[in-house]
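Input: a single structure, listed below in structure tokens.
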There are 2 protein chains.
Amino acid sequence: MVSVRADRPIAEKGIPDATIARLPVYLRTLNVMADDGVATISSGELADAAGVNPAQLRKDLSYLGTYGTRGVGYDVRYLRFQIGSQIGSAQEWPVVIVGLGNLGTALANYSGFGSRGFKIVALLDPKPDLIGRTVVGVPISDLADLEQIVERTEVRIAIIATPAAGAQEVCDRLVACGVRSILNFAPTALSVPPEVNLRKVDLGQELQILAYHEQQQMADPLESGPNADGTGSVHPHGVTA
Amino acid sequence: MVSVRADRPIAEKGIPDATIARLPVYLRTLNVMADDGVATISSGELADAAGVNPAQLRKDLSYLGTYGTRGVGYDVRYLRFQIGSQIGSAQEWPVVIVGLGNLGTALANYSGFGSRGFKIVALLDPKPDLIGRTVVGVPISDLADLEQIVERTEVRIAIIATPAAGAQEVCDRLVACGVRSILNFAPTALSVPPEVNLRKVDLGQELQILAYHEQQQMADPLESGPNADGTGSVHPHGVTA
DNA sequence: CTATGTGAACAACTTCACAGCC
DNA sequence: GGCTGTGAAGTTGTTCACATAG
């Protein structure tokens with residue numbers, strides 16, 4: 001079970017997922033700073049701009065290495081470079097999107113992927129009236145050609161944005177032709193062999209949590225003074241997200 | 001730190017956010033089961049279908065109450081009813097979406113909201129060529145009319161899907177006219193007063209985590225035997241998401 | 001004898017608080 | 001003096017393992 005993972009030469013092995021998820025946020029902020037001509041920034045300022053706790057920011061950065069200067073802060077350009085090379089904006093990740101309904105199309109258009117080093121190289125859908133149309137310059141191909149397209153483009157990361165019904169079959173086919181990382185937007189649980197990385201995004205989930213807290217606050221009009229509950233918004237001066 | 005929050009009549013006070021996020025998944029699964037005519041289901045089967053650990057499922061359900069029968073399992077219809085009433089599918093939550101670019105439009109079209117008790121009652125965008133068009137039967141209104149529309153529709157939950165630049169202003173205006181729960185899809189940190197619930201969704205984040213693990217696995221071709229890392233896919237027989 | 005419900009152990013993540021360096 | 005880097009404490013979420021009910 002414990003997976004061990006014996007110690008290798010240098011560090012740089014175990015950055016928590018939560019940190020990985022935040023690094024692009026820092027990077028985006030640093031880019032803005034750099035464009036504004038800011039040369040140095042403290043953890044407090046950067047944390048503020050990124051919407052996190054300063055200690056969190058410093059701990060996150062400490063996983064990458066020691067890039068700050070005590071008493072001074074971080075060099076914006078240098079830190080930007082370091083984060084960039086860590087999260088593989090060094091290389092470009094080819095990605096295929098399967099399913100071009102509303103969500104798949106929105107994802108294909110979503111500029112946030114491109115700026116983070118992901119490149120949509122193929123779009124797949126079974127509907128004849130979609131096949132041949134292009135989205136962001138990429139033509140939609142027939143889902144039937146999945147195997148040959150995966151092989152030709154050498155994608156290793158796939159996004160499933162199909163209806164729930166077809167998702168598992170698509171998933172199996174992707175796995176069969178060597179895709180090792182799958183991001184599932186379909187509202188269903190997928191099953192994959194253990195060597196495949198699978199993550200799920202549920203667009204409704206955060207809304208659900210908000211609604212729950214809303215309901216709770218309506219239920220007890222008392223004790224709603226400063227901040228009735230936790231999680232939703234428990235940051236020092238109300239900064240979140 | 002037992003969290004105090006003096007005991008009120010029955011329980012039903014402190015369900016963890018993580019559990020709230022999973023309940024709709026169970027509900028969806030139960031609906032399928034009920035349609036298939038299944039009358040009773042064990043935690044193992046339901047957990048399997050929902051892609052979670054059986055112990056997790058039982059613990060989640062235990063926050064709602066004691067709805068199972070030892071030695072037997074759960075009554076599908078009864079459990080469905082209980083979960084449904086817990087996550088406020090009892091009431092309908094009116095929601096406004098601000099920003100109807102690709103993402104906002106996809107969210108407006110996303111059927112997952114409707115099936116969970118959310119109802120899009122207003123759409124707002126400042127672009128003249130969008131105003132007046134309708135999406136899922138709801139007309140797009142001028143962002144300038146935000147205040148009056150929020151007041152008229154009495155929405156308490158808003159989704160921000162604008163570009164980063166306009167997000168904070170929209171957020172401030174929403175808060176000013178009484179919106180207490182905001183879901184932010186814009187790639188920027190928003191600041192709100194502490195009584196407002198704010199949550200953020202970053203579509204790139206999960207992809208980033210996948211890419212990181214992909215990169216890691218490429219870095220050590222060794223030890224990729226059974227399951228190189230954790231998080232991504234560490235479920236008993238490889239079922240996830 | 002089966003499957004729930006749950007205390008307790010465990011694991012991941014966040015925040016605190018302060019030593020250490022500039 | 002100011003700000004980083006980090007051990008330690010705190011918090012939240014997950015999994016185990018078993019007593020208990022049916």
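Proteins get letters first, then strands, A, B, ... in listed order; numbering begins at 1 in each.
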Side-chain donor-acceptor contact under 3.5 Å, B:Asp60 with B:Thr19: yes
Over all strands shown, is B:Ala18 touching base, sugar-phosphate only, or nothing at heavy-atom distances under 4.0 angstrom? sugar-phosphate
A:Arg116 and B:Asp202: salt bridge (Lys or Arg N to Asp or Glu O under 4.0 Å), yes or no, with the steps? CA-CA 12 Å; A:Arg116 291 185 184 193; B:Asp202 177 350; 2.6 Å; yes
Overall bend of the helix from C:dC1-D:dG22 to C:dC22-D:dG1 (five pairs an end, 10° steps) is 10°
Options [options], nucleotide nearest the side-chain atoms of [X]:
X       : options                : result
B:Arg22 : D:dG13, C:dG5, D:dT14  : D:dT14
A:Asn53 : C:dT14, C:dC13, C:dC16 : C:dC16
B:Ser42 : C:dA3, D:dA8, C:dT6    : C:dA3
A:Lys59 : C:dC13, C:dT14, D:dT4  : C:dT14

Please give me the minimum heavy-atom distance between B:Leu107 and B:Ala161, naming the atom from each residue. CD1-CB, 4.4 Å
Using atom [atom1] of [X] as one end and atom [atom2] of [N] as the other, report the distance to the nearest whole Å.
X       : N      : atom1 : atom2 : result
B:Tyr63 : D:dT14 : OH    : C1'   : 9 Å
A:Arg58 : D:dG2  : CZ    : P     : 15 Å
B:Leu57 : D:dG13 : CG    : C1'   : 15 Å
B:Leu61 : D:dT14 : CG    : P     : 14 Å
A:Asp60 : C:dA12 : CG    : P     : 16 Å
B:Gln56 : C:dT4  : CD    : C1'   : 16 Å
B:Leu46 : C:dA3  : CG    : P     : 14 Å
B:Ile41 : C:dT4  : CD1   : C1'   : 14 Å

Do [X] and [Y] have side-chain heavy atoms sitting under 4.5 Å apart?
X        : Y        : value
B:Tyr63  : B:Gln86  : no
B:Ile182 : B:Ile157 : no
A:Ile159 : A:Asn184 : no
B:Arg156 : B:Val179 : no

Looking at A:Ser43, I'd like to know whether one of its side-chain N or O atoms comes within less than 4.0 Å of OP1 or OP2 on D:dT4. yes
Neighbour count >12 (heavy atoms, 6.0 Å) for atom OH, B:Tyr67: yes
Would you kindly compare A:Pro16 and A:Ala55 by the position of their nearest DNA chain C nucleotide and give the one closer to the 5′ end? A:Pro16
In residues 68-79 of chain B, what residues come within less than 4.0 Å of DNA chain C, judged by heavy atoms? B:Gly68, B:Thr69, B:Arg70, B:Gly71, B:Val72, B:Gly73, B:Tyr74
Results of side chain to side chain contact (heavy atoms under 4.5 Å, CB included) for A:Asn31 - residues two or more places apart only: A:Leu27, A:Arg80
Ignoring hydrogens and angles, tell me if any N or O in the side chain of B:Asp36 forms a donor-acceptor pair with the backbone of B:Val38 under 3.5 Å. no
